[in-house]
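Comments concern the structure below.
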Amino acid sequence: MSMDLNDYTIIKEGEAEILMHAKNEVFFNKTQVNNRDMSIAVLRTFISKRKQEHEALLSKRNKKNGSSSDVEDKPNDCDINIEKSNEQGLEEKPNEDPCTASEEPVKTEGKVWGKLKPPRVLEALSASGLRALRYAREVEGIGQVVALDNDKGAVEACQRNIKFNGSVACSKVESHLADARVYMLTHPKEFDVVDLDPYGSPSVFLDSAVQSVVDGGMLMCTATDMAVLCGGNGEVCYSKYGSYPLRGKYCHEMALRILLACIESHANRYKRYIVPVLSVQMDFYVRIFVRVYTSASAMKNTPLKLSYVYQCIGCDSFHLQPIGRTVSKNTSVRYLPGFAPVVPQECSDCGKKFNMGGPIWSAPIHDQDWVARILADVKSMKNCYPAYERISAVLTTISEELPDVPLFLSLHNLCATLKCTSPSAVIFRSAVINAGYQISGTHVNPLGLKSDAPMDVIWDIMRCWVKNHPVKAQLADQPGSVILAKEPVLQANFARAVASLSKAQAKKVARFLPNPERHWGPKLRAGRQITSKHISLLGEEAVNGCLNDQDSERDAKRQKIEKSNDAIAES
């Protein structure tokens with residue numbers, strides 16, 4: 001391939017290197033190194049888990065059929081994942097067409113068993129191909145990586161980068177010019193891992209993505225349209241994700257849960273359902289990792305995992321309204337609508353009205369076993385992760401979150417409502433623990449606190465705090481005045497509890513790190529001309545450099561045109 005390397009900048013990340021043109025022709029964002037490192041860590045754990053599940057299934061079949069002389073059929077991916085679902089108590093088998101086998105038959109003691117093939121990965125929106133190249137070069141045991149893009153320039157750049165990375169990349173990574181939605185629809189249940197990392201919203205890709213993943217496979221998805229997901233444009237969020245956001249302090253976690261609920265909705269249309277293993281909010285985006293399974297019976301549990309949210313407009317009280325419930329009688333289970341309403345017309349704490357948002361995913365958004373394994377893997381291979389400090393900090397905080405508590409409170413917001421001085425996080429945590437409830441931090445917000453304590457207990461603790469730290473008199477109709485006018489039912493104990501600090505806090509492990517450099521955030525979409533208005537995104541130096549280059553190019557073109565005109569005039 002003939003090209004002038006002087007026109008390109010070599011960018012190295014992990015073990016991969018890419019050639020980036022001086023112009024903004026193909027999208028690349030250095031900030032997404034956190035995203036790519038986290039994805040590689042999850043992918044490594046997925047490959048290990050997949051192998052263990054396969055070996056456990058073969059071992060179980062060996063024990064089950066040890067005394068039987070029946071001829072065994074070769075198990076395929078569907079068999080493995082159906083049996084896995086059955087082990088989880090899901091009895092019904094899928095009615096879909098058999099999925100593409102990812103195993104080769106081998107003889108073992110006269111019986112035919114399946115040999116697990118390396119997982120196939122689809123990067124649906126590849127741009128420069130950096131992510132696909134890092135997967136191929138850094139993840140041991142990975143199979144073919146298919147990189148797609150609908151832009152001809154991006155595909156050419158990706159193919160150029162594949163060749164630039166040598167034989168390993170050429171043998172494992174293939175790049176195609178295709179619409180990701182059409183490609184995924186025409187390759188159902190073919191990929192063990194599907195990675196969606198679009199510029200903006202992933203909503204238009206979700207329906208085809210959930211069909212392209214094999215049973216038990218992994219779907220990785222990023223959403224960068226945080227203004228929409230966090231309540232800046234609620235009606236747009238509803239049109240894209242089928243859920244209405246609320247503008248609370250927990251809005252970033254709500255964004256995660258809205259995206260999970262949306263993916264579950266798309267999966268349910270094909271008798272499939274999702275199991276989240278890790279859900280992360282970092283920098284300016286959310287990133288979720290879910291496994292996709294097929295089972296019509298398990299799909300019935302979806303209403304139990306979704307809830308509407310009632311947020312008081314006067315204070316920080318919020319309540320969840322589950323969409324569905326179950327009633328068990330003997331061995332049968334009935335699925336019924338959830339009991340409603342969970343709140344009166346006016347807030348019982350301050351007397352104001354409620355805003356309603358959702359539905360959101362109210363089941364756990366992480367699998368703590370997965371989180372522990374991912375974190376252990378990251379720590380054991382810290383030199384392999386360029387963003388080790390950041391992703392290990394995020395994973396450490398996630399490992400200490402309460403898994404079954406949706407959304408969180410902000411201690412500063414509670415105090416702002418009452419207009420009182422704030423207790424330290426340790427004192428407040430101790431009061432909650434001494435009252436018999438659990439409390440933890442959240443990776444989304446350093447000031448956020450997750451607790452299973454009901455809101456009346458939280459406000460009783462704050463009333464007791466204000467008794468010891470009086471506030472100035474407020475107007476009687478203010479939410480803080482209404483809350484403080486009531487006597488506390490619970491007498492809070494602010495004595496320091498042993499568990500008031502998490503293990504990471506006790507060891508002074510860094511959990512919330514500053515950005516490594518200025519202008520660490522979203523970047524300009526590929527193909528757009530850089531102007532002075534982009535200084536806030538790219539920085540003054542970078543913008544001025546680009547503008548100078550553009551001026552030089554214009555001058556060179558003008559001189560060329562003038563010379564050609566002079567030559568024509570002379571002739």
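Throughout, numbering of the chain's residues begins at 1 and tracks the sequence. If you're wondering where the values come from, they're calculated on a predicted model, not measured in any experiment.
In terms of the salt bridge (charged side-chain N to carboxylate O under 4.0 Å, His left out) criterion, K249 has no residue partners (sequence neighbours excluded). Residues passing the salt bridge (charged side-chain N to carboxylate O under 4.0 Å, His left out) test with R181, sequence neighbours excluded: D179. Y183 is linked by a ring-ring contact (aromatic ring centres under 6.0 Å, His included) to H187, counting only residues two or more places apart in sequence or in another chain.
Ring pair F318/Y250: centre-to-centre distance below 6.0 Å.
The cationic group of R325 lies under 6.0 Å from the six-membered ring centre of F339 and within 45° of the ring axis, placing it in a cation-pi geometry.
For residues 346-356, the pairs satisfying side-chain hydrogen bond (donor to acceptor under 3.5 Å, both in side chains) are S317-D349, with sequence neighbours left out. Pairs engaging residues 230-243 under the side-chain hydrogen bond (donor to acceptor under 3.5 Å, both in side chains) rule: S201-Y241, D225-Y241 [sequence neighbours left out].
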For a quick test of your reading: what N or O donor-acceptor pairs under 3.5 Å do the side chains of residues 406-415 make, sequence neighbours left out?
unit_1 : atom_1 : unit_2 : atom_2 : d
S410   : OG     : N413   : N      : 3.4
N413   : ND2    : D316   : OD1    : 3.3

(request) Under the salt bridge (charged side-chain N to carboxylate O under 4.0 Å, His left out) rule, what do D37 and R390 come out as? Steps first, then yes or no, please. (result) CA-CA 10 Å; D37 273 9; R390 182 64 188 275; over 6 Å; no
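The pair R36-D197 fails the salt-bridge criterion, with no side-chain N (NZ, NE, NH1 or NH2) lying under 4.0 Å from an Asp/Glu carboxylate O. No salt bridge links K450 with D404; every basic N to acidic carboxylate O contact stays at or beyond 4.0 Å.
Side chains of C347 and F354 form a contact here, defined as non-hydrogen atoms less than 4.5 Å apart.
Summarising the geometry, atom CG belonging to D369 is positioned 12.5 Å from atom OG belonging to S399; distances are rounded to the nearest 0.5 Å.
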